[in-house]
2 protein chains.
Amino acid sequence: MTKRLTTIKDIARELGISVATVSRAMRDTYDVSAETRKLVLDTAAKMNYRPNFNATGLVKSGTHKIAVIIPAITNYYFSTVITGIQEYALEKNYQVMLYLTNDSAYWETKVVRELSLSSVDGLLVCITCETTDLSHFQELIEADMPLVFFDRVPDTINTSMVVQDDYTGACKATEHLIAQGYTRIAHLAGPRGLNLTQQRMQGYMDTLKRHNLESFGIIHSGFSDENGRQDMQMLFNGDVKPDAIFSVNDRKAIGAILWLRERHIPVGAEVGVIGFTNDPTSKIISPSLSTIAEPAYEIGRTSCEVLIRHIQKQNYPAQEISLPTELIVRESTKRS
Amino acid sequence: MTKRLTTIKDIARELGISVATVSRAMRDTYDVSAETRKLVLDTAAKMNYRPNFNATGLVKSGTHKIAVIIPAITNYYFSTVITGIQEYALEKNYQVMLYLTNDSAYWETKVVRELSLSSVDGLLVCITCETTDLSHFQELIEADMPLVFFDRVPDTINTSMVVQDDYTGACKATEHLIAQGYTRIAHLAGPRGLNLTQQRMQGYMDTLKRHNLESFGIIHSGFSDENGRQDMQMLFNGDVKPDAIFSVNDRKAIGAILWLRERHIPVGAEVGVIGFTNDPTSKIISPSLSTIAEPAYEIGRTSCEVLIRHIQKQNYPAQEISLPTELIVRESTKRS
DNA sequence: CTGGGTTTCGATAACGTTCTCGCTACTATT
DNA sequence: AATAGTAGCGAGAACGTTATCGAAACCCAG
C-alpha cells in the first residue's frame, strides 16, 4: 500500500553523503573512491534499491524499451521471431513491449499513433496484410524514431528491413517440384499487395519460365489452412487438374493436404505439395510436408540487432538484409 | 537526430498560458474553460504532441505497463494466453512487456530481480518447471507489487491465481477412456513439483479408483513430444502393455501417437490416446487426437483483468479462479 | 611553506509532468 | 452597494535521477 521504494536519496541520507556521489557510485564511473563505491553498493543491496527508469529515462531521454508490432503470435513463425528478438534484447539490456495488430490496418495505425513516442527507443514491425497507407510510419521516420521492418516489409519506405530470401526460396521450391517430375504446377499465393507474396510468386513464375512451363493457376487468399482448402476447391474445379501445389506458407499447404486426404487423392504420388516456413506441424502431418525452412529465430535476432544499432548511433545507414532459406524434402513431394 | 518532441511547455508558450492550464486541459478535468480547452487540444494536435510517460510516471508513480513473464511462446497455449492478455490490456490502456524465461529458474529469478520495480505496475507470471525457490516473488509481494500467477502456479504463496480446472479436466479424460472400454491406462505426467502436474495426476488416480482400476504406470518428464516418445518406450518395455494413454498435454500425446504409428500399433483400436490443451495440431495429426480443451484465451483475459483490478484498488482481495475445460472426442480414442 | 595538480565529493539545475495553493475577476445574493 | 462565493488560471514545488561546475582535501615538487 505504501509502496515507497528506496531511492538514491535514502541511501545518501543513510550514509551521510550526497546523492550525486551515490549516483556516480552506482554506475561505477570516475570520480568516486573505491571504498565509498563499495559502501554505496553494499547498502544499496541491503536496502533493496532498484533504479527508477522513469527518472533516468526522463533525464537521459532514452527508455531502453523497444516496441514490437506484429499481426499475431499464435503461429510458429511469429512466435519464434519474437523469441529471437526477446533474447537479443535482453542480452543488450533492452526490454520489449508487445503489440498485436490482429492483421487489422486500423489497429496498426492506432497503436503506432498512440504509442507515445517518448516511451520507446525504437520499433520493430511486421505490417498487416491490409496495410497500404504508410503515413503513420512516415511520421515516425520524420520524428527520427528508429524503425526496422521484418518479414512483411513495405517497399516504398526508406528504412532498414530484414527478411528471408523469399524469391530464391520460391525458386528452390518450384525447382524441386519440377525435378520430381511434376509439370502442372499451381500456386497458392498470399494476399495481394504484400511484398512477400510478390517475391514468392515471382520466384515461382521465373522458375517455371526457365523450364518452359506455364503456370497452372495462381490463387490469392489469406494465410490460414481454411484458405488453403478453399483455394484447392477452386483449383480442382476444372477438367484438367494440377499435379502439384506450391503454397506461400505451410498452413495453407496443410489445408491443401487435408483437402486432398479427405478426397483420397494420394498426396505425393498423384499431386505433390510443398510449403514455406517449416512449421513444426509440417513434419507431424501425414504425409509429412516438404517445405522451405525460414530462419525465423535469426530474423528476430538480427532485426533486433539492426534496430539497436540504429538506436545507439544516429544516422546509421539503413540496411536491407536477406537471410537464406533451405529446402527440406519430406513425403509430400515423393512420387512413389 | 534532434528528436526534440513538443512538450507541454511548448504549447503553453505558443498560447501564452501556463503549463498548469495546458496540463489540466489535456486531461479534460475541472478548472479550465471549454474554449481554452479546445484551444489547447487543437494546438496540441497541430504540434503533434505526445505525452512523455517518463514524466507522468515519475510524478504519479504509475506506468500503465504490466510485465508478462512466461517460459516460452512458441506453443499454442502460451501464445494464445498472451493474445488474451494483450487484448484486454490494450482495451484498458495498459501496455505489456514480455519476458521469456525459457523454463530456466535462473533466468526467471534474474528477470524478476532486475526488473525495476518502478517500471511496471504489476506482473503476470507463469513459473518455470524448475522453480522451487519463491523468494524473488515474495520480495515483490512485500513491496506491495501486484502479482498474479496463471497456469503454472505455486501453492505456497498468497496471491491471485487463475488456472484451468486441471483436476476435473483430468477426471473427464480418464472417465472418457474408461467409458470407451480401456482398462490398462497409463499416464504421461508433467515435471514433478508443478501444481498442474499434481492436479492432473490426482484427477487421473481418483477416477481410476472410483472405477476400481489400478494405474498402469505414471512417468514424469518434460512437456515436449520427444519426451512423449521416450516415455512410451519405457511404458511398452514390459510384458503387459497399457491399452490407453492419458497425457498431461497434447505435445506429449502427439509424441505418443507418432511412436505408436511408427510401430504400426493402431491408435484407438489397440491403444487409445488422449491429451490436454486442444492444440490445433491435435486435429491435424492422423488419427486426430482426443483432448481436454483449455480456455487459453480466457485465461489470458481474466488473469489480466484480475491484475488490473489489483493495480487499481489496493488491498483487492486475492482471487483463485478456475476456468472450466471441455472434453473433445476425436479418433485417437475410438475403439473401432 | 607555498603553489599547482589530482582526486573526491557536494550543490544545484535540469528533464516533463502533475498537484497544491493562492490569486484574480466575475456572478449571485442580500 | 457590499459581501460571499465560484470559475479560471498561474506560481512553484515535487517526483528520482543525471550532469555541470566548483569546492575541499590531499599529494608532491619547488
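Order of the sequence lines fixes the chain letters, A, B, ..., with proteins taken first and strands second; residue numbering starts at 1 for each chain. Excluded from the calculations below are hydrogen atoms, water molecules and symmetry mates; all remaining heavy atoms, backbone and side chain alike, are included.
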(message) Please pick, from C:dG10, C:dT18, C:dC9, the nucleotide with the shortest atom-to-atom distance to any side-chain atom of B:Ser23.
(response) C:dT18
(message) Nearest whole Å is fine: how far is C:dT18 P from B:Ile11 CD1?
(response) 11 Å
(message) Please report the distance, rounded to the nearest Å, between NZ in A:Lys9 and C1' in C:dA11.
(response) 13 Å
(request) Between B:Lys60 and A:Val19, name the one whose nearest nucleotide on DNA chain D is closer to the 5' end. (result) B:Lys60
(message) If I take atom CZ in residue A:Arg24 and atom C1' in nucleotide D:dG22, what distance separates them, rounded to the nearest angstrom?
(response) 12 Å
(message) Can you measure A:Leu39 atom CG to C:dT8 atom C1' for me and round it to whole angstrom units?
(response) 14 Å
(request) Would you tell me if any nitrogen or oxygen in the side chain of A:Thr56 comes within less than 4.0 Å of OP1 or OP2 on D:dG16? (result) no
(message) I need the single residue from B:Asn52, B:Val40, B:Thr21, B:Val22 that forms a side-chain contact (heavy atoms from CB on, under 4.5 Å) with B:Ile8. Which is it?
(response) B:Val22
(message) Looking at B:Arg309 and B:Glu305, is there a salt bridge between them, counting it only when a charged N and a carboxylate O are closer than 4.0 Å?
(response) yes
(request) In plain terms, say whether B:Glu139 and A:Arg50 are close enough for a salt bridge, that is, a side-chain N and a carboxylate O under 4.0 Å apart. (result) yes
(request) Give the rounded distance in Å between these two atoms: CZ of B:Arg50 and C1' of C:dT17. (result) 17 Å
(request) Would you mind telling me which of C:dG10, D:dG10, D:dT17 lies closest to the side-chain atoms of A:Ala55? (result) D:dT17
(message) Looking at A:Arg301 and A:Glu91, is any side-chain nitrogen of the basic one under 4.0 Å from a carboxylate oxygen of the acidic one?
(response) yes
(message) Using a 4.0 Å heavy-atom cut-off, does A:Phe53 contact any base of the nucleic acid, only the sugar-phosphate backbone, or nothing at all?
(response) nothing
(message) Check the phosphate of D:dC9 against B:Thr21, side-chain N and O only, distance under 4.0 Å to OP1 or OP2. Yes or no?
(response) no
(request) Check every atom of D:dA11, C:dT17, D:dT17 against the side chain of B:Ser18 and return the nucleotide holding the closest atom. (result) D:dA11
(request) Can you tell me the distance, in whole Å, between the CD1 atom of A:Ile17 and the P atom of D:dA23? (result) 21 Å
(request) Identify, between A:Ala20 and A:Ala34, the residue whose nearest nucleotide on DNA chain C lies closer to the 5' end. (result) A:Ala34
(message) So, does A:Arg37 get its side chain near the phosphate of C:dT7, meaning an N or O under 4.0 Å from OP1 or OP2?
(response) no
(message) Please compare B:Ser33 and B:Val59 by the position of their nearest nucleotide in DNA chain D and report the one closer to 5'.
(response) B:Ser33
(message) Measure CG/A:Asn54 against P/C:dT17 and give the value in whole Å, please.
(response) 13 Å
(message) Between C1' on D:dT17 and CG on B:Leu58, what's the gap in Å once rounded to a whole number?
(response) 8 Å
(message) Check for me whether the distance between the ring centres of A:Phe149 and A:Phe137 falls short of 6.0 Å.
(response) yes
